[in-house]
There are 2 protein chains.
Amino acid sequence: MARRTRAEAEATRESLLDAAEQVFYDKGVARATLQDIARTAGVTRGALYWHFKDKADLFGAMLERVRMPLEDLIDAIPAGERSESVLETLRMASLLALGQMEQPRIRRIHSIIIHRCEVFGEFDPVAMLRELSESASANTLELFRQARDNDELVAEVDAETANQTFHCILRGLLHHWHLDTDAYSLSETGTRLINQWFELIGKASLKPAARPGS
Amino acid sequence: MARRTRAEAEATRESLLDAAEQVFYDKGVARATLQDIARTAGVTRGALYWHFKDKADLFGAMLERVRMPLEDLIDAIPAGERSESVLETLRMASLLALGQMEQPRIRRIHSIIIHRCEVFGEFDPVAMLRELSESASANTLELFRQARDNDELVAEVDAETANQTFHCILRGLLHHWHLDTDAYSLSETGTRLINQWFELIGKASLKPAARPGS
DNA sequence: TTCAATATACATTCATGGATGTATGTTAAA
DNA sequence: TTTAACATACATCCATGAATGTATATTGAA
């Protein structure tokens with residue numbers, strides 16, 4: 001066909017990324033063919049090869065599109081200025097994060113990363129996950145240390161172990177939820193687990209109020 | 001080549017499964033070719049097609065080979081007769097499980113399932129993971145309920161939430177470890193996390209002894 | 001403002017390889 | 001002799017990537 005205007009070109013690029021998301025989700029990254037993706041987007045492989053070098057490039061661009069909200073979500077945790085206590089800030093931030101993970105777009109991307117792609121030539125999604133994990137862990141560790149310095153933690157726990165357990169619970173919950181996202185509500189179950197754990201590690205004297213609900 | 005004796009045939013079948021493990025681990029299930037696997041096993045694709053229907057069948061057989069030890073590991077948890085308290089039994093069983101997961105064979109299989117395969121035609125590894133998870137969760141839930149009935153749990157926690165948190169911590173830790181298995185020792189870090197959590201959920205009056213080490 | 005000149009945004013076609021599955025050959029065990 | 005346990009050979013398919021075609025958008029100069 002003929003040349004499109006710049007706005008139209010950007011639109012086809014976006015529709016290719018949308019199509020990639022859908023096809024990767026439906027068939028897995030390896031079994032997804034560029035033909036499938038182009039057809040889903042309503043164009044030919046020619047268009048795809050114009051906008052992206054190959055499947056790895058397309059995959060990377062697809063992740064890039066949601067990396068910002070994902071990283072914002074992590075960096076936003078310290079942004080919630082310590083309203084009452086640092087632990088309370090962490091607790092509320094993690095509940096917020098769980099809510100984000102139920103959004104369809106984020107959920108689909110997570111599902112692709114967790115269950116629908118594998119080590120992939122030069123491109124290694126595991127490395128990306130590792131980086132995200134490291135950065136998130138470093139951020140919250142700082143907060144757990146503040147909590148310890150503020151004497152908000154019970155005697156049995158240290159900041160480092162608490163931080164690790166915190167991320168393990170969240171990660172474990174996310175992975176279990178992705179085994180069957182229709183089985184239960186991530187945010188509801190997550191809220192229950194997180195609240196109970198924070199109740200255990202926080203000193204009773206510093207609790208904001210008795211939560212009578214169940 | 002010539003016809004082999006039954007024992008030799010079984011040996012080539014085993015070597016094909018060994019080769020599948022290695023090649024799946026190295027290149028991922030999708031990018032692994034049956035040619036690679038046969039070559040690694042020192043035979044041709046003819047032998048592979050004699051023993052297995054196709055790649056999915058081979059993959060299933062590979063998992064079948066370690067399913068028993070994996071399920072034994074889960075079912076063995078209640079087998080550790082309640083020595084002192086139910087919680088103590090659970091704690092020790094989980095530490096045992098972490099140790100098993102560091103064994104090279106189990107580690108490789110886990111790595112393949114977690115990072116090196118994706119949804120796969122009729123064969124769905126996610127469904128298998130879901131079943132294993134359900135069965136393990138049901139087993140331990142019964143024990144957490146016993147612990148509650150024995151009044152071993154602090155007032156803040158209920159059996160159901162404790163069970164979920166327990167599995168989330170273990171699952172989250174396993175997944176994080178598999179991002180870089182050389183970064184730390186799974187059993188050492190796991191012991192620290194698990195011990196601290198059990199200390200939090202168990203009543204102090206029932207603690208077997210003060211663990212002075214750190 | 002207008003109009004070549006050129007870059008852009010694709011579609012189409014082609015060459016290639018590589019993976020799969022099956023059919024058939026071969027040889028020694030049973 | 002028959003058949004199990006492979007090896008070899010073959011046909012088919014299909015995904016990739018690059019090459020080429022093409023019509024329009026954009027731009028700079030006059």
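Letters A, B, ... mirror the listed sequences (proteins, then strands); counts begin at 1.
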Do Leu98(A) and Leu170(A) have side chains that get closer than 4.5 Å, going by heavy atoms?
yes
What distance do Trp197(B) atom CH2 and Thr165(A) atom OG1 have between them, rounded to the nearest 0.5 Å?
10.5 Å
Going by number, which of residues 37-52 of chain B have a non-hydrogen atom under 4.0 Å from DNA chain D?
Val43(B), Thr44(B), Gly46(B), Ala47(B), Trp50(B), His51(B)
What is the distance, to the nearest angstrom, from the CD atom on Glu14(A) to the P atom on dC10(C)?
12 Å
Which nucleotide in the set dT16(D), dG17(D), dT20(C) lies at the smallest distance from any side-chain heavy atom of Leu34(B)?
dT20(C)
Heavy-atom closest pair, residues Asn195(B) and Arg91(B):
OD1-NH1, 2.5 Å
Note: contacts of residues 5-12 of chain A with DNA chain C (heavy atom, under 4.0 Å) are Arg6(A), Ala9(A), Thr12(A)
Which value, rounded to the nearest 0.5 Å, describes the distance between Leu143(A) atom CG and Phe166(A) atom CZ?
9.0 Å
Within 45° of the ring axis of Phe24(B) and under 6.0 Å from its six-membered ring centre, is that where the NZ or CZ of Arg116(B) lies?
no
Whole angstrom is fine here: how far is it from CZ in Arg13(A) over to P in dA9(C)?
11 Å
How many whole angstroms separate atom CG of Leu16(A) from atom P of dA9(C)?
13 Å
Quick one: Arg31(A) CZ to dA19(C) P, roughly how many Å, whole number?
15 Å
Do you see a donor-acceptor pair shorter than 3.5 Å between the side chains of Gln103(A) and Gln100(A)?
yes
For the pair Arg105(A) and Asp18(A), find out whether any cationic side-chain nitrogen is under 4.0 Å from an anionic carboxylate oxygen.
yes
Strictly by salt bridge (charged side-chain N to carboxylate O under 4.0 Å, His left out), give each pair with a member in residues 40-54 of chain B just once, sequence neighbours left out.
none
Could you give the CD-to-C1' distance, from Gln35(A) to dT12(C), as a whole number of Å?
12 Å
